[in-house]
Protein chains: 4
Amino acid sequence: MQCPLDSKPRWERRKDARPHELLAAAIDLFVERGFAATRLEDVARRAGVSKGTLYLYYTNKEELFKAVVRESILPFLGKAELSVAEFEGHSAELLRSVVMNWSRQIGQSKASGIGKLMLAEAVNFPELARFYREEVMSRTRRMISSILERGIRRGEFRSFDTVQMTQVLIAPMMMLNAWKHSAVAPCASDELQPQAFLESLLDVTLHGLLPRAS
Amino acid sequence: MQCPLDSKPRWERRKDARPHELLAAAIDLFVERGFAATRLEDVARRAGVSKGTLYLYYTNKEELFKAVVRESILPFLGKAELSVAEFEGHSAELLRSVVMNWSRQIGQSKASGIGKLMLAEAVNFPELARFYREEVMSRTRRMISSILERGIRRGEFRSFDTVQMTQVLIAPMMMLNAWKHSAVAPCASDELQPQAFLESLLDVTLHGLLPRAS
Amino acid sequence: MQCPLDSKPRWERRKDARPHELLAAAIDLFVERGFAATRLEDVARRAGVSKGTLYLYYTNKEELFKAVVRESILPFLGKAELSVAEFEGHSAELLRSVVMNWSRQIGQSKASGIGKLMLAEAVNFPELARFYREEVMSRTRRMISSILERGIRRGEFRSFDTVQMTQVLIAPMMMLNAWKHSAVAPCASDELQPQAFLESLLDVTLHGLLPRAS
Amino acid sequence: MQCPLDSKPRWERRKDARPHELLAAAIDLFVERGFAATRLEDVARRAGVSKGTLYLYYTNKEELFKAVVRESILPFLGKAELSVAEFEGHSAELLRSVVMNWSRQIGQSKASGIGKLMLAEAVNFPELARFYREEVMSRTRRMISSILERGIRRGEFRSFDTVQMTQVLIAPMMMLNAWKHSAVAPCASDELQPQAFLESLLDVTLHGLLPRAS
DNA sequence: CATGAATGAGGATTCATTCAT
DNA sequence: GATGAATGAATCCTCATTCAT
């Protein structure tokens with residue numbers, strides 16, 4: 001009656017899996033259609049459950065969305081912050097490493113599409129906006145800022161306005177992610193090649209940030 | 001805008017003004033709330049007409065949106081293409097000039113908010129996506145591309161992958177515009193300063209594109 | 001094309017009639033089924049319009065209900081207050097007159113069923129409770145109280161606790177109205193005869209309120 | 001309640017207590033919110049059991065409600081009927097005694113709130129209506145009627161329409177109970193004082209029912 | 001006996017679009 | 001041309017009831 005390797009009854013194991021199944025279905029649809037345009041019934045169907053079941057796990061659409069962000073973005077952010085704090089090499093190397101990890105972990109997953117949606121819909125869902133700004137945007141900016149400041153401090157970058165430069169660096173990465181999930185993206189795929197895009201970005205950026213060649 | 005000799009009776013001039021009044025109301029709301037979340041009734045009210053009147057001028061919501069794009073973005077794009085074709089100086093100068101004009105003309109107007117909305121909503125409105133991709137995105141990319149190619153051809157830029165670099169350049173500008181109208185933007189306003197942002201962008205970019213200092 | 005006796009276009013005359021038609025449908029269903037159990041769609045259908053039309057006139061269910069109360073109860077209350085203020089005869093006569101008018105005007109209409117519903121549902125709809133308490137209950141109590149006080153002051157009633165006696169008098173009248181619309185009422189109809197009930201009520205009451213026979 | 005010699009193991013005694021715990025939770029919520037608005041999940045939680053357990057004891061919401069009535073109202077009714085049958089003194093005394101017992105036993109308990117709810121909701125739940133009419137309303141009316149008839153027969157009351165007068169007497173008592181649990185009740189509590197209300201009721205009533213003073 | 005996960009029908013509300021005037 | 005009343009499909013959320021464990 002019970003799997004000898006797992007003492008829980010089957011439906012209880014099911015219950016443990018449900019949240020993840022629901023979040024997986026939710027992120028797919030949120031990223032594809034946006035927050036408002038995603039119907040909870042579709043999320044449920046995609047997860048193979050009924051509408052009502054969704055509400056057993058998340059009290060409403062906004063909480064479901066927050067849970068998606070918590071599961072798909074925040075863990076990565078934590079790891080990235082840690083790696084920044086511990087890194088010991090050249091700041092250009094640190095920047096490259098963070099960008100590349102970002103690309104590998106967020107960029108390859110559906111999570112890369114969340115930013116696009118918040119950009120456009122936050123204004124219609126103030127509580128979501130507040131949550132995302134505080135939990136994701138602010139932390140991300142702080143992390144990038146700290147890399148730039150470290151570089152300047154250590155003489156590895158020339159001096160510049162770190163506040164603006166932080167945005168200048170984040171902007172193309174966010175846009176890259178947005179484009180990946182956008183119907184107005186630089187065409188079907190041949191024009192937008194994430195790896196090449198990031199290489200170009202790091203290329204121009206590192207050329208631009210490093211102290212003048214001497 | 002109006003010919004001082006205009007002999008039409010006032011209400012007829014009124015009639016001529018209608019489309020513009022409607023588009024002005026529409027762009028405000030589209031940019032603030034997005035395409036789907038904008039209620040045509042609100043557009044009508046803001047323009048001071050009834051809901052029915054809107055339909056006298058635009059057959060549906062999508063056509064209204066296209067008209068907004070046609071009025072607020074395409075004219076600028078045409079002028080920019082022309083100026084690129086005619087420019088004679090250093091390519092870095094041309095790039096700076098196009099970016100600054102973009103900033104002054106699109107960036108300062110509500111039109112800067114259109115991109116953000118298309119990014120997120122195009123997928124739900126395929127015909128809009130097609131229209132925007134062809135009329136705006138492709139033309140913009142072609143224009144920037146041609147500047148880069150010109151720079152390389154004339155030895156004013158070092159050699160690089162122009163396709164990706166085009167995206168790398170467009171991305172932060174689009175993101176800057178998106179942020180201007182976004183509730184998740186880099187905070188209260190002090191962190192995001194468009195002029196400083198663009199200066200930083202040109203700074204790093206020109207540093208990065210120019211041939212190695214010699 | 002237009003009725004010569006009414007210069008309004010037909011659909012505009014319709015618009016004037018709508019609110020009343022909707023309120024008439026609403027009071028029927030509210031009184032029969034209660035506030036929560038009444039479906040707005042049924043109200044609309046009964047009024048011969050679509051669900052959406054209801055929302056053109058009343059922003060939500062609670063506002064519809066308030067409008068019902070405003071149309072069906074408050075006008076009578078105003079008239080009754082006035083007649084109390086102006087009355088000049090014996091207080092027993094005044095009491096009888098107010099009770100009989102109440103019976104004729106509220107009692108015979110659907111409005112008599114509102115009290116029953118508020119009794120039970122107010123707790124689930126706090127704003128409705130506040131509204132009804134202030135606009136209906138308080139005013140009614142004040143009116144009855146003033147009659148009793150007048151009677152005692154003029155020596156036409158014996159002395160008693162007017163606060164409690166006000167409730168004692170209101171209670172059976174409210175219950176009579178409640179029963180008229182209740183499925184647990186004193187049986188099908190032969191046992192509860194409103195006129196006879198009120199006669200009995202006035203009989204016992206006036207016997208009870210008048211000064212001891214002398 | 002429990003036999004001190006009870007030899008059952010604790011959980012079995014627990015089992016015996018379940019129905020009562022469930023009914024206690026149920027009456028609280030039914031009286032506060034009404035029948036339809038009470039969620040079975042809340043009843044279960046308040047009784048400290050799971051939703052499913054409720055269905056082990058009562059096949060559905062309606063049966064739960066009936067059980068509440070059977071436990072909280074019918075026993076008192078039986079005792080009252082008995083005391084009427086056995087009483088030997090003056091009918092006014094009998095009436096006062098029944099009223100006061102009613103007040104003490106039903107009035108002080110949650111059971112006093114059942115009437116209010118049936119008044120409003122019976123129509124939506126026909127089987128409940130039938131049950132309540134037959135088991136509670138009819139028996140109550142028969143009991144009061146018999147007191148009045150006895151009084152007239154014995155020359156202790158003047159002659160009047162006993163059918164109507166029964167309603168006239170029941171009405172304020174039911175309304176008193178309804179008000180106790182109602183959000184539209186005669187205000188904050190100072191205006192409605194059950195004891196004083198009943199005194200006033202008996203005062204006016206007995207004044208009104210007794211034969212003319214001679 | 002007891003649990004609580006799962007279901008799905010049901011209802012309030014919104015809004016693009018139509019059309020009679 | 002202009003109006004705005006009317007429509008009804010669409011979607012979030014609730015909750016009585018079932019049933020596998």
Side-chain angles (χ1 to χ4, degrees), chain A residues 1-2 8-16 18 36-45 47-62 64, chain B residues 11-12 14-15 18 36-45 48-62 64, chain C residues 1-2 8-16 18 36-45 47-62 64, chain D residues 11-12 14-15 18 36-45 48-62 64:
Chain A
M1 190 138 304
Q2 289 179 357
K8 294 178 189 173
R10 187 162 16 182
W11 59 263
E12 209 167 327
R13 267 181 284 131
R14 208 66 214 282
K15 188 199 167 188
D16 290 348
R18 272 289 137 73
T38 293
R39 300 184 315 154
L40 252 18
E41 183 158 17
D42 287 345
V43 173
R45 188 178 8 258
V49 301
S50 75
K51 219 183 335 176
T53 301
L54 205 44
Y55 284 88
L56 253 26
Y57 294 89
Y58 305 99
T59 53
N60 56 38
K61 209 181 183 183
E62 299 209 352
L64 174 63
Chain B
W11 66 264
E12 212 168 328
R14 192 72 206 272
K15 193 182 74 175
R18 271 290 146 74
T38 291
R39 304 180 329 155
L40 253 18
E41 180 158 19
D42 289 343
V43 173
R45 189 182 5 259
V49 303
S50 75
K51 227 186 322 183
T53 303
L54 209 46
Y55 281 86
L56 254 26
Y57 292 90
Y58 306 100
T59 54
N60 57 36
K61 209 182 183 183
E62 299 207 353
L64 173 63
Chain C
M1 188 136 311
Q2 290 180 357
K8 292 179 190 173
R10 185 162 17 177
W11 60 263
E12 209 166 329
R13 266 180 285 132
R14 208 65 215 280
K15 188 199 166 184
D16 291 348
R18 274 287 140 75
T38 292
R39 299 185 313 152
L40 254 18
E41 181 158 18
D42 288 344
V43 173
R45 188 177 10 256
V49 302
S50 75
K51 220 180 334 173
T53 301
L54 205 44
Y55 284 88
L56 253 27
Y57 294 90
Y58 304 100
T59 53
N60 55 39
K61 209 179 182 184
E62 299 208 353
L64 173 63
Chain D
W11 66 263
E12 213 167 327
R14 192 71 207 273
K15 193 182 74 176
R18 271 288 145 74
T38 291
R39 304 181 326 155
L40 253 17
E41 180 158 19
D42 289 343
V43 173
R45 188 180 6 258
V49 303
S50 75
K51 228 188 316 183
T53 303
L54 209 44
Y55 282 86
L56 253 27
Y57 292 90
Y58 306 99
T59 56
N60 56 37
K61 209 180 183 183
E62 299 207 353
L64 173 63

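Computed from heavy atoms alone, side chains included, the values below leave out hydrogens, waters and symmetry copies.
Among the nucleotides F:dC13, E:dA12, F:dT3, the one closest to the side chain of C:K61 is E:dA12. Of the candidates F:dC12, F:dG4, E:dA16, F:dG4 carries the atom nearest the B:S50 side chain, counting heavy atoms from C-beta on. Side-chain proximity of C:T53 to the nucleotides F:dT7, F:dT3, E:dA2 is greatest for F:dT7.
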query: Is there a side chain to side chain contact (heavy atoms under 4.5 Å, CB included) between D:L64 and D:L40 once you walk through the steps?
result: CA-CA 10 Å; D:L64 173 63; D:L40 253 17; 3.9 Å; yes
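Each of C:A36 and B:N60 was matched to the nucleotide of DNA chain E holding its nearest heavy atom; the match closer to the 5' end belongs to C:A36. Both D:T59 and C:G52 lie near DNA chain F, and the one whose nearest nucleotide falls closer to the 5' end is C:G52.
Put simply, CG on C:L54 is 10 Å from P on E:dA12, counting in whole angstrom units. Taking atom OH of residue B:Y55 and atom C1' of nucleotide E:dT17, one finds them 5 Å apart after rounding to whole Å. For the pair B:E41 CD and F:dG4 C1', the computed distance is 9 Å after rounding to whole Å. Nucleotide F:dA2 holds its P atom 19 Å from the CZ atom of B:R45, rounded to whole Å. Atom CG of C:L56 and atom C1' of E:dT13 are 13 Å apart (whole Å). With rounding to whole Å, B:Y57 atom OH is found 9 Å from F:dA2 atom C1'. Atom CD in A:E62 sits roughly 14 Å away from atom C1' in F:dC13 (whole-Å rounding). Atom pair B:L40:CG and E:dT18:C1' shows a separation of 13 Å (rounding to whole Å applied).
Residue contacts shown for B:T38 are limited to sugar-phosphate atoms, with no base heavy atom under 4.0 Å away. Residue contacts shown for D:K51 include a base, since a base heavy atom lies under 4.0 Å away.
Under the side chain to side chain contact (heavy atoms under 4.5 Å, CB included) criterion, A:D42 pairs with A:L29, A:R33, A:R39, A:R45, not counting sequence neighbours.
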Strand DNA chain E as a dot-bracket string - pairs counted if Watson-Crick or G-U with both distances under 3.5 Å, | where the partner lies in another strand: .||||||||||||||||||||
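Here the closest non-hydrogen pair linking C:A36 and C:K61 is O-NZ, 3.1 Å.
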